[in-house]
Engineer: 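My questions all concern the structure below.
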Amino acid sequence: MSSRSIITQLTKGISRENPVFVLLLGLCPVLGVTSTAINGLGMGLATTFVLIMSNIVISLIKHLIPSKVRIPSFIVVIASFVTVVDLLMAGYLPALHEQLGLFIPLIVVNCIVLGRAESFASRNDLFPAFLDGVSMGIGFTYALVILGGIRELLGSYSLFGLKILEGDGLLVFVLAPGAFIALGFIIAFFEWRKSIATKAKKAA
Amino acid sequence: MELAEKPHLRYQKKNSYTKMAGPKSSFLNLILALGSVTLLSAFSLGYVYEWTLEPIATAKREKQLRAINAVVEFDNDPLAEAFSVLDGRRVEDDPNALVFYPAKKAGNIESYAVKTYSDQGYSGRIEVMVGLKLDGMIREVQILTHRETPGLGSKISAPEFLEQFVNKYPDKFNLKVTKDGGQVDGISGATISSRAVGEAVQVAYDQLQIIKENE
Amino acid sequence: MEYFAIIFGAIFINNIVLSRFLGICPFLGVSKSTSTAIGMGGAVLFVMTIATIVTYLIFQFLLVPFGITYLQTVAYILVIAFLVQVVEIVLKKISPELYRALGVFLPLITTNCAILGVAILVIQQDFNLLESVVFAIANAIGFTLAIVLFSSLREQLELAELPTAMKGVPAALVVAGILSMAFMGFSGMSF
């Protein structure tokens with residue numbers, strides 16, 4: 001594998017194939033835990049760990065699993081790593097664990113994780129599968145931090161817990177409706193950028 | 001990563017993906033594969049569970065101690081001596097009971113940290129930790145958990161609101177909000193949440209009086 | 001009265017989609033027309049109720065007695081995946097008509113986090129079996145209500161003139177935000 005293709009592999013998750021803003025996958029935690037940038041970062045890293053580990057294990061055992069029980073076996077592998085994250089966070093990061101709550105066990109039904117296991121890790125060798133996990137994880141974390149940051153900035157005039165502006169902020173962005181609205185506008189921004197890029201290509 | 005780039009992979013021999021993977025799909029193989037994956041996962045999780053048991057217990061303990069430490073001073077282990085009270089009687093493990101943590105200095109009880117609550121919050125239960133001296137004076141009030149509206153009811157956790165309870169005697173300081181004829185300065189836009197905090201503190205005080213009488 | 005509080009709370013105050021953010025994928029994915037939205041709602045009602053009962057029993061009579069509650073996530077997701085398969089097979093045999101209506105939605109349900117979410121929530125909130133069943137049904141109704149309301153709004157949205165970048169999902173998300181705002185009016189109601 002050339003170093004160039006490694007780089008393309010790694011960056012695809014951030015822009016071209018961003019799991020959240022472009023592929024629209026795993027939106028439940030994206031909306032549910034992003035009231036602050038810190039929460040977004042924590043959730044993103046937890047999901048990244050699960051993505052990388054399950055991608056590695058699945059690419060290793062792919063030849064041992066008969067196709068009919070492929071999906072259930074993958075789900076068990078993923079669920080195990082989710083439980084590992086759950087236990088480790090409860091022990092070492094109790095405050096964050098409490099904030100993320102229900103959304104940690106729900107990583108198991110995050111379409112990104114099972115989607116990558118099924119469509120990538122089960123068809124590729126260890127190294128590309130690992131890279132794919134890293135890339136998708138980074139893309140997911142990036143999306144969560146962006147959305148969390150925007151909501152925190154508008155909703156409480158602070159970023160990563162630091163007060164940026166005086167005052168209470170636009171409450172709605174901390175609450176449930178703000179999550180939907182902020183995500184809507186971010187996706188619109190990505191669409192708009194894409195349309196400009198295609199226009200530029202056509203002109204050239 | 002196009003599949004065509006990887007001719008050495010097994011599944012390339014056949015075009016259809018579903019027909020490739022590994023062993024035959026006999027019933028025995030299915031059970032064997034899924035069973036061993038599950039067993040392996042269960043055993044390794046058991047190991048991780050054992051390993052994290054202690055850190056999780058420590059984290060829980062530290063969290064409780066921190067909450068107690070915020071409202072009283074002590075040199076004993078209040079968690080070991082804690083007891084639950086419901087309607088003036090000591091009970092075992094009742095979700096509706098208040099928890100009393102005796103705070104001792106040199107072996108004498110000086111005050112209690114009381115984990116109290118009110119179900120009259122805007123969105124359900126508000127849990128409050130109150131530090132009460134034996135003569136009934138409120139030392140400190142801290143909000144433990146609540147689900148009030150962020151930006152409105154959530155301000156009950158702010159020091160500006162909680163300061164007004166410090167060093168007050170509930171027999172002289174009326175714990176109702178000013179709107180209801182009491183002396184608690186409610187948060188504007190969050191009277192219900194403010195009222196609930198006052199109520200939780202009042203309950204803790206009342207229960208402490210009954211306990212003291214009985215002893 | 002307590003059951004009424006559970007039902008009202010699950011449908012309106014803490015709506016599973018609009019306030020708890022569970023089941024967003026089908027909420028956005030199958031809400032383009034009202035009839036498919038109703039179909040999805042029906043499938044969720046069916047699976048959510050059965051899954052909650054089965055996982056509740058497994059938790060109380062298998063995981064708790066053996067002290068292996070840390071296997072909750074693994075056990076639950078396996079049971080749900082298995083259940084969806086069984087429901088599909090049984091439905092095909094018993095009621096081909098119902099199968100025709102709900103069948104296409106069933107495979108999507110395994111990865112619907114609302115199912116697993118409700119199964120975990122009833123344990124977290126210490127519900128008994130009957131309360132759990134009521135909670136599951138109410139949440140399924142809440143899901144159906146949200147997705148049906150949303151789909152009829154989206155049908156209207158098709159006719160609106162929008163900037164190209166806002167068309168489709170972005171506009172739908174903003175509409176969902178406004179719908180969620182409307183549901184916030186229920187918060188603070190208590191019984």
Side-chain angles (χ1 to χ4, degrees), chain A residues 21 24-34 69 71-87 90 101-115 172-173 175-196, chain C residues 14-29 70-78 80-82 85 107-121 123-124 162-184 187:
Chain A
F21 296 146
L24 304 178
L25 292 175
L27 292 185
C28 299
V30 169
L31 294 164
V33 302
T34 51
V69 288
I71 300 282
S73 309
F74 292 174
I75 289 182
V76 171
V77 171
I78 294 167
S80 311
F81 285 114
V82 170
T83 313
V84 170
V85 168
D86 199 4
L87 290 170
L102 185 61
F103 285 100
I104 295 177
L106 289 183
I107 295 176
V108 79
V109 279
N110 188 322
C111 346
I112 301 173
V113 184
L114 186 60
V172 69
F173 282 99
L175 302 172
F180 286 109
I181 294 170
L183 182 64
F185 278 102
I186 295 175
I187 293 174
F189 173 76
F190 267 69
E191 290 283 319
W192 174 72
R193 229 180 43 174
K194 206 165 69 186
S195 73
I196 287 187
Chain C
N14 289 311
N15 184 281
I16 187 154
V17 182
L18 298 169
S19 144
R20 284 194 204 272
F21 299 116
L22 299 177
I24 300 287
C25 290
F27 179 70
L28 289 173
Y70 58 89
L71 288 181
Q72 190 191 28
T73 314
V74 180
Y76 275 28
I77 190 67
L78 260 185
I80 291 171
F82 178 69
Q85 298 277 321
L108 289 172
I109 282 186
T110 314
T111 50
N112 181 341
C113 53
I115 308 285
L116 183 62
V118 167
I120 297 175
L121 273 174
I123 303 293
Q124 277 184 1
L162 289 167
T164 344
M166 283 301 284
K167 266 187 191 145
V169 174
L173 278 168
V174 174
V175 168
I178 296 168
L179 192 58
S180 153
M181 232 182 268
F183 270 70
M184 273 189 66
S187 69

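Sequence lines set the chain letters: A, B, ... in the order given, protein chains first and strands last, and positions in each chain run from 1.
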Engineer: Testing the basics here: between C/Leu18 and A/Ala176, what is the closest heavy-atom pair and its distance to 0.1 Å?
Structural biologist: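 Nearest pair, atom of C/Leu18 first, then A/Ala176: O-CB, 3.4 Å.
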Engineer: Counting heavy-atom pairs under 4.5 Å to chain C, which of A/Gly184, A/Gly26, A/Ala79, A/Pro177 comes out on top?
Structural biologist: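 Looking at each of A/Gly184, A/Gly26, A/Ala79, A/Pro177 in turn, A/Pro177 comes out on top.
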Engineer: For each of C/Val174, C/Ile120, C/Leu173, C/Ile77, tally heavy-atom pairs with chain A at distances under 4.5 Å, and name the one with the top tally.
Structural biologist: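 If we count pairs closer than 4.5 Å to chain A, C/Leu173 comes out on top.
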Engineer: For residues C/Cys25 and A/Cys28, report the shortest heavy-atom separation together with the two atoms involved.
Structural biologist: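 Reported closest heavy-atom pair: N-SG, 4.4 Å.
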Engineer: For chain C, which of A/Ile187, A/Leu106, A/Ile186, A/Leu183 has the most heavy-atom pairs under 4.5 Å?
Structural biologist: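 The candidate making the most pairs under 4.5 Å is A/Leu106.
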Engineer: Non-hydrogen atoms of chain A under 4.5 Å away: do they reach the side chain of C/Val74, the backbone, both or neither?
Structural biologist: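 Both the backbone and the side chain of C/Val74 come within 4.5 Å of chain A.
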Engineer: Enter the distance from C/Ser180:OG to A/Ile181:CD1 here, rounded to the nearest 0.5 Å.
Structural biologist: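 Result: 8.0 Å between the selected atoms.
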Engineer: Taking every non-hydrogen pair under 4.5 Å, which of A/Leu27, A/Leu102, A/Leu87, A/Ile75 racks up the most with chain C?
Structural biologist: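 Going by pairs under 4.5 Å, I would pick A/Leu102.
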Engineer: Please find the pair of heavy atoms, one from C/Ala176 and one from A/Phe180, that lie closest to each other, and give the distance.
Structural biologist: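 Heavy atoms only, the tightest pair is CB-CD2, 3.7 Å.
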Engineer: Between A/Ala179 and chain C, with a heavy-atom cut-off of 4.5 Å, which part of the residue counts as in contact: side chain, backbone, both or neither?
Structural biologist: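 Only the side chain of A/Ala179 comes within 4.5 Å of chain C.
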Engineer: Can you tell which part of A/Val172 gets under 4.5 Å to a heavy atom of chain C, answering side chain, backbone, both or neither?
Structural biologist: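 The answer is the side chain of A/Val172.
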Engineer: With a 4.5 Å cut-off on side-chain heavy atoms, are C/Leu71 and A/Thr83 touching?
Structural biologist: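 Result no, sub-4.5 Å side-chain heavy-atom pair not found.
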Engineer: When you compare the side chain of A/Phe185 with that of C/Met166, does any pair of heavy atoms fall below 4.5 Å?
Structural biologist: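 Sidechains of A/Phe185 and C/Met166: in contact.
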Engineer: By ring pair (Phe, Tyr, Trp, His ring centres under 6.0 Å), which residues pair with A/Phe103, not counting sequence neighbours?
Structural biologist: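 By the ring pair (Phe, Tyr, Trp, His ring centres under 6.0 Å) rule, A/Phe103 matches no residue at all.
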Engineer: Which atoms of A/Leu25 come close to chain C, meaning under 4.5 Å heavy atom to heavy atom: side chain ones, backbone ones, both, or neither?
Structural biologist: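 Neither part.
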Engineer: Who are the salt bridge (Lys or Arg N to Asp or Glu O under 4.0 Å) partners of C/Lys167, not counting sequence neighbours?
Structural biologist: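 For C/Lys167 there are no salt bridge (Lys or Arg N to Asp or Glu O under 4.0 Å) partners, ignoring immediate neighbours.
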